[in-house]
Amino acid sequence: MSCEDSFSSALLDRISFNFWWLLLPFVMILVVAAFIVAFVLLLYMISPLISPKPLKLNGAHVVVTGGSSGIGKCIAMECYRQGAFITLVARDEHKLVQAKKEVEKCAINDKQVVLCISVDVSKDYSQVESVIKQAQEKLGPVDMLVNCAGTAISGKFDEVEVDRFKRLMEVNYLGSVYPTRAVITTMKERRMGRIMFVSSQAGQIGLFGYTTYSPSKFALRGLAEALQMEMKPYNIYVTVAYPPDTDTPGFAEENKSKPLETRLISETSGVYQPDQVAKVVVKDAVQGNFTSSVGPDGYMLSALTCGMSPVTSITEGLQQIVTMGLFRTIALFYLGSFDSIVRRCMIQREQSKASDKRE
Ligand SMILES: NC(=O)C1=CN([C@@H]2O[C@H](COP(=O)(O)OP(=O)(O)OC[C@H]3O[C@@H](n4cnc5c(N)ncnc54)[C@H](OP(=O)(O)O)[C@@H]3O)[C@@H](O)[C@H]2O)C=CC1
Ligand SMILES: CCCCCCCCCCCCCCCC(=O)[C@@H](N)CO
């Protein structure tokens, strides 16, 4: 190799070496950009998980529709025990007066007041609006609205009277829309508030015998999700409660005409006491949790059916991510057992029909 050759190859090495160094700033920019993107993504993931500030029930005005009986009455009592002022809304005045006495027994100071208002929440919006106005004039703006007025009917799809489908949508769905509409403007102005919708486990799964009832409870979830997205910037938090079978006058009434299949399937989840249910759902609403469920089956159902519903804590989000597949596996077994209940009931009925004919 000549002297000249070795000189030019050294020069070439130098040039290529410098070329790589030239890339370094670009690489650094890329790394920084990647970090920024990852950070922004993380912020996006975390931002819906930030928990709201809990509502102080002491001195707050809580309106409970369906507050004269069952779950609603227990919710009113639970809030009263925490120092709230209560408006009970229902139709029957006699039941309202009785409930007022029971709620008053839970007082923790002598300033607390229970107001009763008799109105049908499902019929006329202007009526609902005017009674809410009355309540606000007496006890101040509503801090929390609990939509608990509702009825359950069970029966086979082709045996339920046709007008019941409309009636249940009126009571359970519109009966929650109207009071919510009546309180929301003031809540938006005050940049605070809580709205609770009392759905049901039958608002998470459609079961035999609930073709009238389930849709009216599923509807509440759609309303709640859309409303929550609109209301979050105003610091208003929406909660959907999904109680299991609960020992109330309404439940006793429903049981009188419940198909055997519905009874057997529902037994999977057991019967709870209304004060147990009230404690859980009030706590969730105060914390601003979007979903409120009761009992282990309730917990599994809520994780399984979370879909695109809002999350209110990091643990809730993580639990959903981790448990969903497992719960779906468990759910397949439940679904299998429900199918077999339905099949067995049908075979039994056909056998007893056949033996009746023979006699
Ligand atoms: N008990 C259970 O197993 C479960 C119940 N739920 C839901 O919880 C809620 C309460 O149930 P529960 O406590 O058992 O029921 P109850 O029948 O014991 O109480 C229902 C309450 O709602 C009121 N109400 C009914 N219709 C209207 C109306 N049109 N306008 C105003 N008030 C009305 C009733 O008073 P009045 O009749 O005087 O108007 C009563 O205060 C319902 O929405 C129900 O679907 C959910 C899951 C399980
Ligand atoms: C992992 C998956 C777990 C699945 C568990 C399924 C349990 C099903 C039980 C359904 C009970 C229906 C309650 C209806 C209550 C109601 O709203 C009426 N009683 C009103 O009066």
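Order of appearance sets the numbers: ligands from 1, and atoms from 1 within every ligand. If you're wondering where the values come from, they're calculated on a predicted model, not measured in any experiment.
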| So do R221 and T305 actually touch side chain to side chain, heavy atoms under 4.5 Å? | yes
| When you look for protein heavy atoms under 4.0 Å from ligand 1, which residues do they belong to? | G66, S68, S69, G70, I71, A90, R91, D92, K95, V119, D120, V121, S122, C148, A149, G150, V171, V198, S199, S200, Y213, K217, P243, P244, D245, T246, T248, P249, G250, F251
| query | What side chain to side chain donor-acceptor pair (under 3.5 Å) pairs are there with at least one residue in residues 174-188, not counting sequence neighbours? | reply | N147-T180
| request: Considering the heavy atoms of I205, write down every atom of ligand 2 situated less than 4.0 Å from one of them. | output: 8 (C)
| N/O separation below 3.5 Å, Y213 to ligand 2 | yes
| said: I want to know if ligand 2 touches D245 in the polar sense, i.e. an N/O pair below 3.5 angstrom. | reply: yes
| request: Find all atoms of ligand 2 within a distance of less than 4.0 Å from any non-hydrogen atom belonging to Q201, and give their numbers and elements. | output: 9 (C), 10 (C), 11 (C)
| task | Look at atom 7 (C) of ligand 2 and say which protein heavy atom is nearest, naming residue and atom and giving the distance to 0.1 Å. | result | S269 CB, 4.1 Å
| message | I'd like to know if T248 contacts ligand 2, where contact means a heavy-atom distance under 4.0 Å to any ligand atom. | response | no
| note | Heavy-atom proximity to atom 12 (C) of ligand 2 ranks first, among L207, D297, L326, V198, for L207
Please tabulate, one pair per line, all N/O donor-acceptor pairs under 3.5 Å involving side-chain atoms of residues 50-61, not counting sequence neighbours.
unit_1	atom_1	unit_2	atom_2	d
S51	OG	T312	O	2.8
H61	ND1	G140	O	2.8
H61	NE2	T87	OG1	2.7

| said: Please report whether ligand 2 has a polar contact with E254, defined as an N or O pair separated by less than 3.5 Å (distance criterion only). | reply: yes
| side chain to side chain donor-acceptor pair (under 3.5 Å): pairs with one or both residues in residues 190-202, sequence neighbours excluded | D143-R190, Q201-S269
| task | May I ask you to check if ligand 2 and T268 share an N or O to N or O distance below 3.5 Å? | result | no
